[in-house]
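See below for the structure under consideration.
Since this is a predicted model, take the numbers as computed values, not measurements. Convention: sequence-line order gives letters A, B, ...; per-chain numbering from 1.
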Amino acid sequence: MRSAREALTASRRAPLLSALGIVTIAFSLFAFGLFGLVAINIRKALDEVEERVEVRAFLSDSADIEAVAAAMKDIGDFPEVLRIDYVSKEKALERARKEMGEFADVFEAGVLPASIEVHLRPGMRSPSSVRSVADRMKTYSFIDDVRYGEEWVEKLYRLRNIATVAGIALGVAFAAVAIIIIGATIRMTVLARAKEISIMRLVGATDMFIRLPFLIDGLVKGVLGGLLALVFVWVANRVVNEYFMQTIFFDRQLIFLGVVGGAVMGVLGSLFSVGRHLRRI
Amino acid sequence: MIRLTDVAKEYPRSGVALAQISFEVKKGEFVYLTGPSGSGKTTILRLLYMDDKPSQGEVWINGVSSKNATGREISRLRRRLGIVFQDFRLLEDRSAEANVRFALEVTGAPKATIRAKVTRVLTQVGLASKATSFPRELSGGEQQRVAIARALINDPFVLIADEPTGNLDERATRSVFQLLRDINSSGTAVIMATHDLDLVRRSNYRTIELNHGRVVFDSSESPASERPIEEPWEVRETPPDSTEQI
């Protein structure tokens with residue numbers, strides 16, 4: 001209670017410094033937020049592409065329809081499998097004609113084989129799991145051939161890995177910069193009150209007692225800076241949506257995480273700045 | 001109550017600040033710590049309020065040893081000490097009363113106690129009428145009285161004063177000194193670092209004189225006639241402790 005009051009009084013004594021602190025934190029978190037927005041949109045685009053990963057098994061003409069139905073049930077029970085569809089000869093023809101447009105006539109009835117299409121669950125679309133599903137499907141005698149665009153799946157997977165690693169590295173870098181800036185901002189507050197801190201120590205205030213108002217100050221600034229950054233990012237997202245392209249915004253969970261992240265950075269920045277100051281004097 | 005045993009202090013850059021310091025201060029005693037600038041007076045005081053630790057030996061004060069004191073113990077110890085500096089160290093943006101109150105607030109004392117005590121100590125130092133004045137509105141002597149009031153608020157068993165009259169004119173010096181004597185006569189020990197020889201000569205208190213970081217004279221051990229006080233003090237070129245800030 002006292003620490004909260006103390007933090008508030010301190011902000012009131014130096015309103016400009018406090019406002020400057022909040023805006024600085026907001027801008028560093030804004031950069032972090034923009035990066036986050038780009039990252040989730042790239043991820044979404046990759047997810048959409050990945051959804052198209054499917055394994056297609058072509059059936060021989062002599063395939064017994066009951067055996068196929070039984071096999072489809074088996075395959076549908078594979079842990080990797082999301083959905084399994086049967087594409088009859090007629091449907092294959094219809095689809096091919098639709099895709100070929102003006103060359104629709106080149107296909108004659110009965111040319112295209114029937115097939116089953118297997119869609120995999122998210123997270124089970126890596127080259128190795130796609131290959132493993134394909135291999136298991138090949139064991140059925142009435143399946144002539146299994147295709148899944150091996151090269152394409154591998155490229156996609158590699159792209160996704162690169163995006164993930166780059167995302168994490170950049171995210172860590174942006175977060176580090178944000179923490180450093182927040183630390184420096186709070187350090188200004190600490191230095192502005194250095195004399196007060198030294199007198200507090202002389203009259204027997206414990207380190208925790210000295211630290212607590214600064215931690216609360218950091219927490220409040222982190223939350224306010226986080227909220228302000230959120231508004232900035234939201235405006236930026238609106239502008240992009242309006243004039244450039246469709247993008248998605250953070251969902252509620254991510255917004256909550258972002259504000260909590262701001263608070264944590266505020267507290268960490270304070271802890272670091274005050275700790276360093278207390279060790280030095 | 002206070003005991004220094006074979007204390008030495010070395011700083012990595014400026015070298016030896018104190019060597020072989022041993023003395024005791026008894027309850028209610030008044031002790032002058034004298035010597036030229038850089039002789040180690042401030043360093044000894046800092047060791048007493050545990051702002052620094054000795055490189056060797058032990059400082060023992062009110063049951064707390066420099067060898068194993070924890071941060072919490074040091075905080076508790078300082079609540080039983082009063083510390084006064086040459087430069088007063090008041091917070092400029094607060095009134096005299098708020099400066100004094102501050103020292104009690106940080107110990108978490110209840111409000112009613114704080115109000116009563118603040119009024120009492122401000123009256124004791126003769127500043128009851130200036131409670132609402134800010135430091136810049138007060139004279140040097142008055143500011144030092146506020147600082148002393150702040151030091152007294154926790155009923156210290158010892159008042160540690162580092163050149164408390166160093167920034168004051170003759171008259172203010174006399175009145176601050178009288179205040180310290182009054183405080184001492186009510187049972188609080190006083191350890192006062194000073195290089196004001198007149199002040200030291202005029203009173204009959206115990207004097208510990210330092211030079212080059214060593215005790216060269218302690219009036220409790222030698223007769224007053226052996227006091228080497230007439231000798232001119234040799235000033236060190238680079239005082240090892242004068243640059244240390246707390």
Side-chain angles (χ1 to χ4, degrees), chain A residues 1-21 186-221 267 270-281, chain B residues 45-46 48-52 62 64 69-85 87-94 98-111 114 117 121 135 146-156 159-162 244-246:
Chain A
M1 206 29 229
R2 178 212 66 95
S3 308
R5 212 171 43 235
E6 185 87 4
L8 196 75
T9 318
S11 310
R12 224 184 293 141
R13 284 215 177 90
L16 202 69
L17 193 64
S18 297
L20 194 70
I186 289 164
R187 187 149 176 73
M188 287 199 295
T189 332
V190 174
L191 288 178
R193 295 179 61 194
K195 192 174 177 187
E196 204 175 327
I197 293 176
S198 78
I199 293 170
M200 281 168 111
R201 282 168 68 100
L202 281 181
V203 296
T206 56
D207 280 0
M208 198 54 224
F209 186 92
I210 297 172
R211 217 172 259 155
L212 212 56
F214 287 101
L215 294 192
I216 292 174
D217 187 50
L219 179 82
V220 170
K221 280 180 182 162
V267 171
S270 289
L271 210 60
F272 182 67
S273 303
V274 185
R276 214 171 72 161
H277 188 76
L278 287 180
R279 267 196 306 280
R280 195 185 289 172
I281 56 173
Chain B
L45 298 186
R46 286 184 60 207
L48 288 182
Y49 56 83
M50 305 224 167
D51 191 44
D52 212 341
N62 206 36
V64 181
T70 62
R72 186 158 280 278
E73 280 173 340
I74 292 173
S75 297
R76 292 205 168 281
L77 169 69
R78 287 182 188 163
R79 290 177 196 183
R80 302 280 292 119
L81 303 176
I83 310 172
V84 177
F85 297 94
D87 58 358
F88 322 135
R89 302 211 185 159
L90 298 175
L91 294 168
E92 305 295 327
D93 59 351
R94 289 166 210 222
N99 264 289
V100 176
R101 205 174 53 210
F102 184 68
L104 264 191
E105 279 170 349
V106 301
T107 63
K111 266 190 179 173
I114 294 179
K117 276 192 163 184
V121 290
V146 175
I148 291 171
R150 183 179 64 195
L152 289 179
I153 193 98
N154 277 315
D155 301 317
L159 191 76
I160 295 172
D162 192 358
E244 298 292 327
Q245 291 279 317
I246 44 134

State the CG-CD distance between Asp93(B) and Glu196(A), to the nearest 0.5 angstrom.
6.5 Å
Taking the side chain as C-beta and beyond, is there a heavy-atom pair between Arg79(B) and Thr206(A) under 4.5 Å?
yes
For the interface with chain A, which of Pro156(B), Ala103(B), Gly71(B), Gly82(B) has the highest count of heavy-atom pairs at distances below 4.5 Å?
Ala103(B)
Answer yes or no: does atom CZ of Arg76(B) have more than 12 heavy-atom neighbours from other residues, nucleotides or ligands under 6.0 Å?
no
Compare every heavy atom of Ala205(A) with every heavy atom of Ser75(B), then report the nearest pair and how far apart it is.
OG-O, 3.5 Å
Taking all heavy atoms of Leu202(A) and all of Phe85(B), pick out the closest pair and write down the distance.
CD1-CE1, 3.1 Å
For chain A, find which of Arg72(B), Met50(B), Arg78(B) contributes the most heavy-atom pairs closer than 4.5 angstrom.
Arg78(B)
So which heavy atom on Lys195(A) is nearest to which on Glu92(B), and how close?
NZ-OE2, 3.8 Å
If you take all heavy atoms of Glu105(B) and Phe209(A), which pair is closest and at what distance?
O-CZ, 3.7 Å
Applying a strict 4.5 Å limit to non-hydrogen atoms, the region of Leu90(B) in contact with chain A is backbone
Smallest heavy-atom separation, Val203(A) atom then Val106(B) atom, equals CG2-CG2, 3.4 Å
Heavy-atom proximity to chain A below 4.5 Å, by part of Arg80(B)
neither
